[in-house]
J.: 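Below are the structure tokens for one structure; questions will follow.
What you see is a predicted model; the values in this text were computed from it and never measured.
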Amino acid sequence: MHNLSTKYIFVTGGVTSSLGKGIVSASLGLLLKSRGYNVTIQKLDPYINIDPGTLNPYEHGECYVTEDGAETDLDLGHYERFLNSQTSRDNNVTTGRIYQTVIEKERRGDFLGKTVQVIPHITNEIKRRIKILGEKDYDIIITEIGGTVGDIESLPYIEAVRQLKWELGDRDSVVIHLTLLPFLSSSGELKTKPSQHSVRFLMESGIMADVLVCRAEHEIETGIRKKLAQFCNVDLKNVIECMDMDTIYEVPLALKKQGFDDVVLDTLGLSKEKTANLENWMDFLKKYKNPTKKVRIALVGKYVGLQDSYKSISEAFIHAGAWLETEVQISWIYSGDIKEDNVSDIFGEVEGLLIAPGFGDRGIEGKVTAIQYARENKIPVLGICLGMQMMAVEFARNVLSLEGANSVEFDSETPYPVISLMEEQKEVVKRGGTMRLGAWDCVLEKGSVLEKIYGKENISERHRHRYEFNSQFTDSFKMYGMVPSGKNPNTGLIETIELKGHPFYVGVQYHPEYKSTVASPHPLFISFIRAVSEK
């Protein structure tokens with residue numbers, strides 16, 4: 001399109017972690033894409049885990065799965081939701097993966113005779129990973145560096161960026177530093193000193209920030225902007241304010257208003273000829289902020305203490321809710337609290353239930369109790385992954401009267417293993433990256449609820465699981481009205497179940513939430529919310 005060499009944008013963070021580098025990166029990506037540039041975003045994570053697949057969601061939020069089956073950081077979900085384009089395993093790199101690659105090369109003898117060191121071997125591998133995406137015809141690659149400048153873990157990444165800046169030249173790269181201006185209520189002012197120190201630390205590492213994005217609770221006055229520009233060596237117009245918003249989806253518009261994308265394009269020497277087309281985005285925001293209806297849906301899970309554990313699900317509700325001009329209020333319910341004697345109190349006010357994915361046996365019986373309540377009281381229910389498996393267990397116990405029915409994940413001696421370990425998982429010993437992952441095909445039964453929802457028979461959705469519906473129970477389930485309505489065409493694996501004669505009772509083994517974006521809300525979430533509001 002533009003016939004230019006790939007340009008690189010590096011986003012670093014200072015003062016504190018969790019400032020929102022992912023949202024700023026995704027917002028910038030959206031603004032540049034809306035101006036006709038082909039953009040992608042990658043995340044470099046400084047932790048030594050190979051991927052976040054083995055991390056507790058309480059520790060790191062949800063693990064996001066890409067089409068090609070990579071377990072990645074939740075920020076990749078933001079990238080996909082904002083850009084409406086898919087990421088891949090090349091879009092997320094961890095220190096663990098960097099070191100693993102370098103050590104494998106050393107063992108093969110690739111560095112024969114050389115002492116393997118952080119510089120150049122680790123930094124070269126980081127640079128190689130950053131540039132992999134540059135071979136894929138992107139105009140601009142945004143690279144978000146996790147953690148905070150000054151962290152020991154981040155040092156090799158900062159050094160790799162310094163080297164790349166030097167190799168690429170000023171016009172082909174830009175460094176954006178995201179920092180915090182704390183507000184001291186006692187003196188009633190924003191303080192710039194932490195940001196000054198943060199930028200100085202970056203400069204000590206050999207990197208000069210080109211743009212400063214300042215998180216603040218209050219507007220940044222011109223005097224403070226001038227002070228920041230002077231002390232941090234940036235142009236005044238390159239000091240960008242990023243205040244807290246009602247929703248993350250307003251951030252791109254707030255940044256646009258300050259000419260954030262213009263500043264970046266100027267620094268990279270790129271054309272600003274095409275103006276940003278954000279009509280669809282603004283239309284989405286308008287609907288989201290002016291709903292005509294309201295529904296309350298309970299999200300039943302075991303990690304509800306940290307709502308980022310179900311980030312993609314809560315965002316999918318926002319996308320589909322805005323599409324239907326319906327406000328979706330989520331009640332976060334810890335499944336371990338649900339008992340037979342309190343289930344009606346807990347769900348008395350809610351109009352729909354989403355049974356969330358997860359692993360391990362904590363809170364499982366609470367999920368079963370919740371599902372039974374929803375089934376018997378005709379409350380719309382959607383089960384995802386483990387949620388679907390528990391719908392099968394509940395049905396086997398309470399409708400088919402198979403006492404002790406369970407998943408072998410929780411009871412290896414169950415007389416009725418309604419959910420069993422997948423055949424290819426039986427020999428698997430290692431935990432990391434060994435599940436059934438990524439996009440798999442599914443053929444939906446003609447005339448089924450799901451076929452009507454999708455409007456087609458052949459679909460592809462992303463997976464992350466080890467256990468499956470045991471097809472030996474298919475006939476018994478069908479006899480009592482529970483239809484296994486979707487199968488993988490190659491393995492025969494049952495992917496979906498739905499109950500006849502219920503307003504909405506659907507379980508899916510895959511994760512539809514991973515595919516929901518602002519521009520394309522997922523049809524399953526749209527249909528679920530519609531069923532809830534009609535109920």
J.: Would you say the side chains of R362 and Y334 form a donor-acceptor pair under 3.5 Å?
T.: yes
J.: Would a distance-only check, ignoring hydrogens and angles, find a side-chain to backbone donor-acceptor pair under 3.5 Å from Q100 to G96?
T.: no
J.: Determine whether the aromatic ring centres of residues F525 and H319 are separated by less than 6.0 angstrom.
T.: no
J.: What verdict does the side chain to side chain contact (heavy atoms under 4.5 Å, CB included) test give for Y510 and I459, after you've listed the backbone C-alpha separation in whole Å, the side-chain angles of each residue and the deciding distance to 0.1 Å?
T.: CA-CA 11 Å; Y510 49 78; I459 62 166; 3.8 Å; yes
J.: Is the backbone N or O of V65 less than 3.5 Å from a side-chain atom of R462, with the two atoms forming a donor-acceptor pair by type?
T.: yes
J.: Run the numbers on Q389 and S407 for side-chain hydrogen bond (donor to acceptor under 3.5 Å, both in side chains), then give the verdict.
T.: CA-CA 8 Å; Q389 295 173 5; S407 163; 4.7 Å; no
J.: So, S485 versus E498: side-chain donor-acceptor pair below 3.5 Å or not?
T.: yes
J.: Would you call the rings of F469 and F477 parallel, tilted or perpendicular if under 30° counts as parallel and over 60° as perpendicular?
T.: perpendicular
J.: Can R107 and E104 be counted as an ion pair, charged N to O under 4.0 angstrom?
T.: no
J.: Is the backbone N or O of D45 less than 3.5 Å from a side-chain atom of Y157, with the two atoms forming a donor-acceptor pair by type?
T.: yes
J.: Salt bridge check: are E495 and K487 linked by an N-O gap of less than 4.0 Å?
T.: no
J.: Set out, in order, the CA-CA distance, both residues' side-chain angles and the distance that settles side-chain hydrogen bond (donor to acceptor under 3.5 Å, both in side chains) for E144 and Y79, then state yes or no.
T.: CA-CA 11 Å; E144 176 196 342; Y79 306 162; 2.4 Å; yes
J.: More than 12 heavy atoms of other residues, nucleotides or ligands under 6.0 Å from CZ of R108: is that the case?
T.: yes
J.: Please evaluate residues E80 and K515 with respect to the criterion salt bridge (Lys or Arg N to Asp or Glu O under 4.0 Å), reporting the C-alpha separation (whole Å), side-chain torsions for both, the decisive distance (0.1 Å), and the verdict.
T.: CA-CA 8 Å; E80 290 200 6; K515 279 197 157 182; over 6 Å; no
J.: Please confirm whether the backbone N or O of D441 pairs with a side-chain atom of N488, one donor and one acceptor, at under 3.5 Å?
T.: yes
J.: Given K43, which of D73, N92, T72 fulfils the side chain to side chain donor-acceptor pair (under 3.5 Å) condition?
T.: D73
J.: Evaluate the side-chain hydrogen bond (donor to acceptor under 3.5 Å, both in side chains) criterion for residues N91 and T40: first the C-alpha distance (whole Å), next the side-chain angles of each, then the deciding distance (0.1 Å), finally the verdict.
T.: CA-CA 8 Å; N91 291 70; T40 192; 3.0 Å; yes
J.: Under 3.5 Å, is there a donor-acceptor pair between the N84 and T517 side chains?
T.: yes
J.: Identify the heavy atoms of L299 and I330 that sit nearest to each other, and give their distance.
T.: CB-CG2, 3.8 Å
J.: Would you say NZ of K33 has more than 12 non-hydrogen atoms from neighbouring residues, nucleotides or ligands within 6.0 angstrom?
T.: yes
J.: Indicate yes or no: does E71 engage R464 in a salt bridge with an N to O separation below 4.0 Å.
T.: yes
J.: Do NZ/NE/NH1/NH2 and the carboxylate oxygens of K114 and E106 come within less than 4.0 Å?
T.: no
J.: How about NZ on K456, more than 12 heavy atoms from neighbouring residues, nucleotides or ligands closer than 6.0 Å, or not?
T.: no
J.: Checking the side chain of H511 only, and the main-chain atoms of E513 only, is there a donor and an acceptor separated by less than 3.5 Å?
T.: no
J.: So with a 6.0 Å cut-off around CE of M282, is the heavy-atom count from everything else above 12?
T.: no
J.: Please determine if D172 and K165 form a salt bridge, counting it only when a charged side-chain N lies under 4.0 Å from a carboxylate O.
T.: no
J.: With rounding to the nearest 0.5 angstrom, report the OG1 to OH distance, T95 to Y47.
T.: 9.5 Å
J.: Under the salt bridge (Lys or Arg N to Asp or Glu O under 4.0 Å) criterion, do K311 and D75 qualify, and how do the steps go?
T.: CA-CA 10 Å; K311 193 67 181 164; D75 274 328; over 6 Å; no
J.: Does atom CH2 of W281 have more than 12 heavy-atom neighbours from other groups under 6.0 Å away?
T.: yes
J.: Return yes if a side-chain donor-acceptor contact under 3.5 Å exists between S312 and E62, otherwise no.
T.: yes
J.: Within a 6.0 Å radius of atom CG on D110, are there more than 12 heavy atoms belonging to other residues, nucleotides or ligands?
T.: yes
J.: Would you say E461 and Y454 are linked by a side-chain donor-acceptor pair, where the criterion is simply a distance under 3.5 Å?
T.: yes
J.: Measure the spacing between CG of L386 and CD1 of I384 and express it to the nearest 0.5 Å.
T.: 11.0 Å
J.: Whether R129 and E125 form a salt bridge (side-chain N of Lys/Arg under 4.0 Å from carboxylate O of Asp/Glu) is what I want to check.
T.: yes
J.: Take D261 and K256 through the test salt bridge (Lys or Arg N to Asp or Glu O under 4.0 Å) and record every step on the way to the result.
T.: CA-CA 7 Å; D261 47 335; K256 171 81 193 143; 2.9 Å; yes
J.: Between Y249 and F82, does the ring centroid distance fall short of 6.0 Å?
T.: yes
J.: Does NZ belonging to K287 count more than 12 external heavy atoms closer than 6.0 Å?
T.: yes
